[in-house]
Number of protein chains: 2
Amino acid sequence: MGEPTGNERLFLTDEQIRQGIEAMYFAYRGLTNEPDRILATMAYGRAHHRAIHFINRAPGTTVTNLLEILGVTKQSLNRVLRTLIEDGLVESRVGKVDKRERNLFLTEAGTALEARLSDAQRTRMRATYRDAGPEAVAGFRKVLEAMMDAEMRRKYTTLRETNS
Amino acid sequence: MGEPTGNERLFLTDEQIRQGIEAMYFAYRGLTNEPDRILATMAYGRAHHRAIHFINRAPGTTVTNLLEILGVTKQSLNRVLRTLIEDGLVESRVGKVDKRERNLFLTEAGTALEARLSDAQRTRMRATYRDAGPEAVAGFRKVLEAMMDAEMRRKYTTLRETNS
DNA sequence: TTGGAATGTCAACAAGGCTGACATATTGTG
DNA sequence: CACAATATGTCAGCCTTGTTGACATTCCAA
């Protein structure tokens, strides 16, 4: 077959593929470790983090929109939102044009918690990127986007465009 | 500052870092989608998948070792293992040298389920790698390893070496 | 105007984490 | 040998976060 070219090097053993899957598993755990620890001290969980994260990313978003992004049932999300609203981290305003809708915003306290959780993750991510170098980061991003299915990619790119 | 060099290009805005975190979230969901669907049809969950996966990776592993890899309590793992043993997917043999230990193995049925779940993920991973190309894959692996904390990396590399 | 669709809330249940307490069997040590 | 430490399993009970079902409110279109 001669020297391996770009395409030929793409022949990967099951073992190499398995390692990639395991790497995703362990790395994802590494990324959620610190926020989980912070949340555990205040009777919140990862679900609260996700809600806070995406409300911060798209202030004024509706419950339905959040449901689509998170991929859970409205009942499940509602429970989380209720506690966040009760605790004064999220504000729910009745929609102006369609009163069935609720527009969600972070309060000052909500923004503060978001920043705290986000800082923890970003600090780690920044260190990760620094250690791996810019070319590795470009590859990382490329593989992750290829890994999403069409639906996830749509959600991802929509958020990205909104926060250009 | 002149032309950006490799290191200077590593200055990344919060927005870029955030996108990396979101990409991990959506990609991870993409990777677990299909196994989750399969498991849901048989009253199993992700916890069962993880146990099956790592028993397959390290046949004969002890309960304690599995606990360390998964990072859960023995009560939590035991509940999962008990159902898997009852259902004839996992076999628990009393240790030969230390009879307090239990060595865990997949039965034929367990191996079959592992293969089914694994195939789904590997097929997706293979397509992902093909789409992204070999250089991107190298970067992907590099970033993921940098993302793990020391403990995760130890678990990860131990498994990798065992299955060289 | 009225029936269906969209939106959100409440109630109840299950999976799978957790802690604490305790039993059992085995091993290693003084 | 006696006893402490280790490995595993189990029971009870808690929490978070997913699920389904039922229902109220609001909007819109026939």
Side-chain angles (χ1 to χ4, degrees), chain A residues 25 28-29 32-33 35-55 60-87 89-104 117, chain B residues 25 29 32-33 35-55 60-87 90-105:
Chain A
Y25 171 67
Y28 191 76
R29 270 175 62 185
T32 51
N33 253 352
D36 282 353
R37 281 205 317 102
I38 295 172
L39 291 157
T41 67
M42 50 182 76
Y44 288 149
R46 216 176 273 183
H48 298 85
H49 186 187
R50 288 196 285 261
I52 288 173
H53 175 97
F54 288 112
I55 292 172
T61 186
T62 62
V63 172
T64 298
N65 184 44
L66 209 48
L67 284 178
E68 277 170 14
I69 289 173
L70 296 173
V72 297
T73 58
K74 59 181 178 173
Q75 294 90 331
S76 191
L77 174 59
N78 187 258
R79 188 188 318 117
V80 167
L81 282 180
R82 192 168 46 213
T83 68
L84 290 174
I85 291 167
E86 280 168 6
D87 296 351
L89 300 183
V90 167
E91 191 189 342
S92 168
R93 299 183 202 152
V94 173
K96 284 190 176 171
V97 289
D98 187 335
K99 287 176 189 165
R100 291 173 302 183
E101 293 182 344
R102 299 287 180 276
N103 296 111
L104 303 170
L117 296 169
Chain B
Y25 171 67
R29 270 175 62 184
T32 51
N33 253 352
D36 283 353
R37 281 205 316 102
I38 295 171
L39 291 157
T41 68
M42 49 182 75
Y44 288 149
R46 217 176 275 183
H48 299 84
H49 186 187
R50 288 194 285 261
I52 289 173
H53 174 96
F54 287 112
I55 292 172
T61 186
T62 63
V63 173
T64 299
N65 184 43
L66 206 50
L67 284 177
E68 275 169 16
I69 289 173
L70 295 174
V72 297
T73 59
K74 61 174 180 176
Q75 294 92 330
S76 195
L77 174 60
N78 188 258
R79 188 173 23 201
V80 168
L81 280 181
R82 192 165 44 208
T83 69
L84 290 174
I85 291 168
E86 280 170 7
D87 295 352
V90 167
E91 192 189 343
S92 168
R93 297 184 205 151
V94 172
K96 284 191 177 171
V97 289
D98 188 335
K99 289 175 187 164
R100 290 171 303 181
E101 293 183 342
R102 299 289 179 275
N103 296 113
L104 303 170
F105 300 87

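Treat the numbers as computed from the prediction; the structure is a model and nothing was measured. Every chain is numbered from 1 and lettered A, B, ... according to where its sequence line falls, protein lines coming before strand lines.
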How long is the line joining CZ of A/Arg50 and P of D/dT16, in whole Å?
14 Å
Using atom CE of A/Met42 as one end and atom C1' of D/dC15 as the other, report the distance to the nearest whole Å.
16 Å
Within the distance-only criterion (no hydrogens, no angle test), does the side chain of A/Ser76 pair as donor or acceptor with the backbone N or O of A/Thr73 below 3.5 angstrom?
no
Using a cutoff of under 3.5 Å, can you pull out all pairs of nitrogen or oxygen atoms linking the protein to nucleotides 11-15 of chain C, with atom names and distances?
none

To check you understand the geometry: which heavy-atom pair defines the closest contact between B/Gly45 and B/Leu39, and what is its length?
O-CD1, 3.5 Å
Atom pairs, N/O to N/O, protein against nucleotides 23-25 of chain D, distance under 3.5 Å?
none

Can you name the nearest heavy-atom pair linking A/Gly60 to A/Asn103, along with the distance?
O-ND2, 2.7 Å
Base, sugar-phosphate alone, or nothing: which one does B/Thr73 contact when heavy atoms must sit under 4.0 Å apart?
base
Any B/Tyr25 side-chain heavy atom under 4.5 Å of A/Arg50 side chain:
yes
Find the distance A/Asn103:CG to D/dT26:P and express it as a whole number of Å.
16 Å
Selected nucleotide, minimal atom distance to B/Ser76 side chain, candidates D/dT19, C/dG16, D/dT10
C/dG16
What's the shortest heavy-atom distance between A/Lys99 and A/Val94, and which atoms?
O-CG1, 3.6 Å
Do the side chains of A/Thr83 and A/His48 get nearer than 4.5 Å, heavy atoms only?
yes
A/Leu81 CG - D/dG18 C1' separation (whole Å)
15 Å
Just wondering, do A/Thr61 and A/Phe54 contact through their side chains at under 4.5 Å, heavy atoms?
no
If you define the side chain from C-beta out and look only at heavy atoms, does anything of A/Ile55 sit under 4.5 Å from A/Leu81?
yes
With a 4.5 Å heavy-atom cut-off, do A/Thr64 and A/Glu101 have their side chains touching?
no
In whole Å, I'd like the distance from the CG atom of A/Leu39 to the P atom of D/dT17.
8 Å
Just by modelled atom types, is the A/Arg100 backbone N or O under 3.5 Å from a matching donor or acceptor in the A/Asp98 side chain?
yes
For atom CD of B/Glu101 and atom P of C/dA25, their distance in whole Å
17 Å
On DNA chain C, nearest-nucleotide positions of A/Asn78 versus B/Leu77: which is more 5'?
A/Asn78
Might you work through the salt bridge (charged side-chain N to carboxylate O under 4.0 Å, His left out) test for B/Glu91 and B/Arg93, ending with a clear yes or no?
CA-CA 6 Å; B/Glu91 192 189 343; B/Arg93 297 184 205 151; 3.2 Å; yes
DNA chain D contacts made by residues 89-99 of chain A, counting heavy atoms under 4.0 Å
A/Asp98, A/Lys99
Atom-pair distance (CZ on B/Arg82; C1' on D/dT10), nearest Å:
7 Å
Atom-pair distance (CG on B/Leu70; P on C/dG16), nearest Å
13 Å
